[in-house]
Amino acid sequence: QVQLLESGGGLVQAGGSLRLSCAASGRTGDGYCMGWFRQAPGKEREFVAGITWNGGRTVFKDSVKGRFTISRDNAKNTVYLQMNSLKPEDAAVYYCAAKATYRPFVYTALGEYDYWGQGTQVTVSS
């Protein structure tokens with residue numbers, strides 16, 4: 001079992017930045033593809049960004065390319081989502097997810113992930 005805890009959400013003005021963190025605990029010795037998803041009110045949860053177990057490959061939702069970056073520090077069992085130039089449409093609850101795999105592939109489907117955090121709220125004022 002792996003437990004994921006997100007932090008770093010909050011209220012920011014449009015154009016501002018936030019850095020989300022996802023700390024993993026429990027069975028962290030295996031390789032995990034990590035993903036960030038988000039869910040706005042009345043909308044389905046959607047993939048935002050993902051990173052392979054060793055950080056060798058990253059994938060982003062088209063609308064966040066060039067504004068968001070994802071990184072990981074395996075020594076700290078933590079994954080980060082740096083969000084710059086935030087827009088009101090980025091407002092949502094952001095979730096961290098983990099899939100146990102050593103494959104050099106970023107999974108983008110919700111159903112592929114094994115573990116989920118509780119989420120952190122991101123609010124962007126216009």
Can you pull out every salt bridge (charged side-chain N to carboxylate O under 4.0 Å, His left out) where at least one residue sits in [range]? Sequence neighbours excluded, please.
range            : result
residues 104-117 : Lys99-Glu112
residues 71-84   : none
residues 48-59   : none

Thr101/Thr52 under side-chain contact (heavy atoms from CB on, under 4.5 Å): CA gap, chis, key distance, verdict: CA-CA 9 Å; Thr101 181; Thr52 51; over 6 Å; no
Review item, side-chain donor-acceptor pairs of residues 59-66, under 3.5 Å, at least two apart:
{"unit_1": "Lys61", "atom_1": "NZ", "unit_2": "Glu46", "atom_2": "OE1", "d": "3.2"}
{"unit_1": "Asp62", "atom_1": "OD1", "unit_2": "Lys65", "atom_2": "NZ", "d": "3.0"}

Using a 3.5 Å cut-off and no angle test, enumerate the donor-acceptor pairs between side-chain atoms of residues 83-90 and protein atoms at least two apart in sequence or in another chain.
{"unit_1": "Asn84", "atom_1": "OD1", "unit_2": "Ser17", "atom_2": "OG", "d": "2.9"}
{"unit_1": "Asn84", "atom_1": "OD1", "unit_2": "Gln82", "atom_2": "NE2", "d": "2.9"}
{"unit_1": "Asp90", "atom_1": "OD1", "unit_2": "Arg38", "atom_2": "NH1", "d": "3.0"}
{"unit_1": "Asp90", "atom_1": "OD1", "unit_2": "Arg67", "atom_2": "NH2", "d": "3.1"}
{"unit_1": "Asp90", "atom_1": "OD2", "unit_2": "Arg67", "atom_2": "NH1", "d": "2.7"}
{"unit_1": "Asp90", "atom_1": "OD2", "unit_2": "Arg67", "atom_2": "NH2", "d": "3.4"}
{"unit_1": "Asp90", "atom_1": "OD2", "unit_2": "Lys87", "atom_2": "N", "d": "2.8"}

Pairs involving residues 117-126, ordered by first then second residue, that meet side chain to side chain donor-acceptor pair (under 3.5 Å) (sequence neighbours left out): none
Shared hydrophobic cluster, Ile51 / Phe68 (ILVMFWY, side-chain heavy atoms < 4.5 Å): yes
Pairing residues for Ser71 by the side-chain contact (heavy atoms from CB on, under 4.5 Å) criterion, not counting sequence neighbours: Tyr80
Sequence-distant partners of Ser7, side-chain contact (heavy atoms from CB on, under 4.5 Å), two or more places apart: Ser21
With heavy-atom distances below 4.5 Å as the criterion, would you say the side chains of [X] and [Y] are in contact?
X     : Y      : result
Leu4  : Met34  : yes
Thr58 : Val106 : no
Leu11 : Val122 : no
Tyr32 : Val79  : no

Of all pairs that satisfy ring pair (Phe, Tyr, Trp, His ring centres under 6.0 Å), the ones with a partner from residues 106-126, not counting sequence neighbours: Phe37-Tyr113, Phe37-Trp116, Phe105-Tyr107
Full working for side-chain contact (heavy atoms from CB on, under 4.5 Å) between Gln39 and Tyr95: CA-CA 8 Å; Gln39 187 167 20; Tyr95 297 89; 4.1 Å; yes
Where at least one partner belongs to residues 58-104, residue pairs that pass disulfide bond (SG atoms under 2.5 Å apart), sequence neighbours excluded: Cys22-Cys96
By salt bridge (Lys or Arg N to Asp or Glu O under 4.0 Å) - contacts of Arg27 (at least two apart): Asp30
Inter-residue atom distance Leu81.CG - Thr69.OG1, 0.5 Å rounding: 7.0 Å
Linked hydrophobic residues, Trp53 as query - side chain contacts closer than 4.5 Å: Tyr102
